[in-house]
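Counting starts at 1 for both ligands and their atoms, in listed order. Counting from 1, the numbers follow the sequence of the chain as shown.
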Amino acid sequence: MALPVRNSSILPAVFAGLFALCQLPLGLLRRKTAFRKKGLLKSPTAYFGILSIAVGGEIFSALVSPAYGLWGLVLHIIGSRLCVFGITGGIGSGKSTLGKFMRDNGFIVLDCDQISREILVKNHPAHRALVKAFGRSILTESGDIDREKMAALAWSSDPNRGDAVRKKLSAITHPFITNRLMFKLITARLLRFHRWVAIEAPLLFETGMHWLCSPILLVDVTEGTQARRVMERVHTPPERVERQIRSQSSRDEKLRRADVVFDNEGAVNLLYRQCADYFYTEHGLAFR
Ligand SMILES: CC(C)(COP(=O)(O)OP(=O)(O)OC[C@H]1O[C@@H](n2cnc3c(N)ncnc32)[C@H](O)[C@@H]1O)[C@@H](O)C(=O)NCCC(=O)NCCS
Ligand SMILES: Nc1ncnc2c1ncn2[C@@H]1O[C@H](COP(=O)(O)OP(=O)(O)OP(=O)(O)O)[C@@H](O)[C@H]1O
């Protein structure tokens with residue numbers, strides 16, 4: 001009886017295909033290492049390590065088949081273009097204020113809070129999923145999500161209940177937010193070829209969106225300032241603001257993970273100045 005013979009010529013083609021596919025995350029990582037100021041990915045060793053793997057893989061793929069080589073190159077460029085600036089900070093820290101300033105200076109800023117509003121419109125699958133999970137009592141008379149009611153549930157005075165609601169809320173909304181964000185990111189970076197694009201997200205680290213961002217800009221204020229500005233903006237009970245702050249990653253953790261920190265304890269103009277100085281010195285971009 002003849003034994004099955006392994007077709008050895010298929011193996012290089014399989015590896016070349018896999019290397020070509022790996023060029024997408026490698027492109028993203030290479031760009032991340034170029035701007036990181038902190039963490040494992042910040043060192044020149046990391047940059048040249050990733051570059052060597054990418055170039056080695058690319059040469060191998062191209063030698064096996066020029067089509068794989070070309071495909072790998074295209075995926076590498078796509079991956080590197082998906083890496084953009086990240087803006088984060090706790091609730092009320094001043095992200096939207098910074099985002100608006102950057103927008104006024106030519107940036108496309110993809111605001112995750114705004115996206116979270118877009119996916120909760122009537123008849124959107126996220127709207128239907130929330131009604132299924134929490135019942136019709138979270139709706140206004142016209143059938144829209146009552147954001148105030150939803151916020152009261154998510155930051156309820158019973159901490160266990162609040163945690164459970166936020167967990168469910170995040171599990172439902174975050175996949176829709178990520179999909180819509182990716183659509184907008186692809187449009188901005190791959191179809192419109194816009195150079196200056198940023199993702200603005202309060203939960204950048206919690207949702208894993210930080211993988212798409214480099215450098216990560218943190219708008220930093222003390223918890224006291226956060227609470228005061230949120231209460232000044234909309235009338236919110238202090239205990240709820242306190243719970244909202246606690247439900248997000250801590251200030252220390254954000255400071256540890258961000259690449260660039262803008263202190264927003266002072267006047268808005270000082271925040272703008274730090275931002276303009278940073279972009280001028282690090283990226284040669286002059287703000288108005
Ligand atoms: C609970 C909702 C309906 C309250 O709406 P509301 O208009 O009152 O607040 P808004 O959406 O403007 O959010 C205000 C701030 O609350 C904080 N926040 C929002 N959702 C969360 C959450 N799941 N966990 C912790 N903080 C949150 C953020 O700092 C945000 O900037 C709304 O926040 C929501 O749908 N949240 C779930 C989606 C989400 O996680 N959004 C964050 C995008 S990454
Ligand atoms: N430097 C500052 N001085 C005084 N007020 C400020 C300053 N920066 C922002 N604010 C005010 O603080 C409030 C919160 O700012 P902003 O909406 O930009 O924060 P945010 O991080 O986007 O908040 P959220 O997470 O809730 O969306 C707003 O009313 C804003 O006008």
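The shortest contact between atom 13 (C) of ligand 2 and any protein heavy atom is with Arg229 CB, 4.1 Å. The shortest contact between atom 22 (O) of ligand 2 and any protein heavy atom is with Ser96 OG, 2.5 Å. Scanning all protein heavy atoms for the shortest distance to atom 21 (O) of ligand 2 gives Lys95 NZ, 2.7 Å. What sits closest to atom 27 (O) of ligand 2 on the protein, heavy atoms only, is Asp113 OD2, 3.3 Å. Nearest protein heavy-atom contact of atom 31 (O) of ligand 2 is Thr97 OG1, 4.5 Å. Protein heavy atom at the shortest distance from atom 25 (C) of ligand 1 is Ser247 OG, 3.5 Å. Of the protein's heavy atoms, Gly94 N, 3.1 Å lies nearest to atom 19 (O) of ligand 2. Remark: minimum distance from atom 8 (O) of ligand 1 to any protein heavy atom is reached at Ala151 CB, 4.1 Å. When only non-hydrogen protein atoms are considered, atom 7 (O) of ligand 1 lies nearest to Arg147 NE, 2.8 Å. With respect to atom 20 (N) of ligand 1, the closest heavy atom belonging to the protein is Trp155 CH2, 3.9 Å. Counting only heavy atoms of the protein, atom 22 (C) of ligand 1 lies nearest to Leu203 CD1, 3.7 Å.
Heavy atoms of Ala154 found under 4.0 angstrom from ligand 1: none, in either backbone or side chain. Residue Arg117 touches ligand 1 through its side chain alone, judged by heavy-atom distances below 4.0 Å. The backbone and the side chain of Ile91 each have at least one atom closer than 4.0 Å to an atom of ligand 1 (non-hydrogen atoms only).
Within the 4.0 Å heavy-atom cutoff, Leu271 does not count among the residues contacting ligand 2. Heavy atoms of Gly99 stay at 4.0 angstrom or farther from ligand 2. Residue contact check for ligand 1: Glu148 places no non-hydrogen atom closer than 4.0 Å to it. Heavy-atom distances between Gly92 and ligand 2 reach below 4.0 Å in at least one pair. For Gln248, the closest heavy-atom approach to ligand 1 falls below 4.0 Å.
The aromatic rings of Phe262 and Tyr278 lie perpendicular to each other, with more than 60° between the two planes, well past the 30° mark. Between His283 and Trp196, the ring planes lie perpendicular to each other; the angle is over 60°, past the 30° to 60° tilted range.
For ligand 1, the atoms closer than 4.0 angstrom to any heavy atom of Ser170 are 23 (N). Taking every heavy atom of Leu169 and a limit of under 4.0 angstrom, the matching atoms of ligand 1 come to 1 (C), 36 (N), 37 (C). Under a 4.0 Å criterion applied to the non-hydrogen atoms of Asp113, ligand 1 contributes the atoms 30 (C), 31 (O), 42 (C), 43 (C). Contact atoms of ligand 1 toward Leu120: 35 (O) (distance under 4.0 Å to a heavy atom of the residue). Distances below 4.0 Å separate heavy atoms of Thr173 from the following atoms of ligand 1: 37 (C), 38 (C). Close approach of ligand 2 to Ala267 (heavy-atom distance below 4.0 Å) involves ligand atoms 1 (N). Under a 4.0 Å criterion applied to the non-hydrogen atoms of His174, ligand 1 contributes the atoms 39 (C), 40 (O). Counting the atoms of ligand 2 from 1 in the order shown, those under 4.0 Å from a heavy atom of Asn264 are 1 (N), 2 (C), 7 (C), 8 (N), 9 (C).
No continuous path of hydrophobic side-chain contacts links Leu21 to Leu73 [ILVMFWY only; heavy atoms under 4.5 Å]. Phe183 and Val84 fall into different hydrophobic clusters, where Ile, Leu, Val, Met, Phe, Trp and Tyr are joined by side-chain heavy atoms under 4.5 Å apart, directly or via other members.
A salt bridge links Lys100 with Asp104; the closest basic N to acidic carboxylate O contact falls under 4.0 Å. Glu232 and Arg229 are not joined by a salt bridge, as no carboxylate oxygen comes within less than 4.0 angstrom of a charged side-chain nitrogen. Taking the charged nitrogens against the carboxylate oxygens, Lys254 and Glu223 have no contact shorter than 4.0 Å, which rules out a salt bridge. Taking the charged nitrogens against the carboxylate oxygens, Arg243 and Glu239 have no contact shorter than 4.0 Å, which rules out a salt bridge.
Annotation: Arg117, atom CZ; neighbour count of heavy atoms from other residues, nucleotides and ligands within 6.0 Å is above 12. Other residues, nucleotides and ligands contribute more than 12 heavy atoms inside 6.0 Å of the CZ atom of Arg147. Heavy-atom contacts from other residues, nucleotides or ligands closer than 6.0 Å to CZ of Phe287 number more than 12. A 6.0 Å sphere centred on NZ of Lys167 holds no more than 12 heavy atoms belonging to other residues, nucleotides or ligands.
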**Request:** Verify side chain to side chain donor-acceptor pair (under 3.5 Å) between Gln114 and Glu118, making sure each step is shown before the conclusion.
**Result:** CA-CA 6 Å; Gln114 171 62 30; Glu118 290 166 8; 3.2 Å; yes
**Prompt:** Passes side chain to side chain contact (heavy atoms under 4.5 Å, CB included), Val241 versus Gln226? Steps please.
**Reply:** CA-CA 9 Å; Val241 178; Gln226 259 181 291; over 6 Å; no
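Comparing Glu265, Gln244, Arg233 against atom 29 (O) of ligand 2, the shortest heavy-atom distance belongs to Arg233.
Between the side chain of Arg192 and the backbone N or O of Thr187, no donor-acceptor pair lies under 3.5 Å.
The distance criterion of under 3.5 Å between nitrogen or oxygen atoms is met by Gly266 with respect to ligand 2. Checked against a 3.5 angstrom limit, the closest N/O atoms of Ser93 and ligand 2 fall inside it.
In this structure, a donor-acceptor pair under 3.5 Å is present between the side chains of Asp144 and Ser142.
When every heavy atom of Leu120 is checked against every heavy atom of Ala126, the shortest pair comes out as CD2-CB, 4.2 Å.
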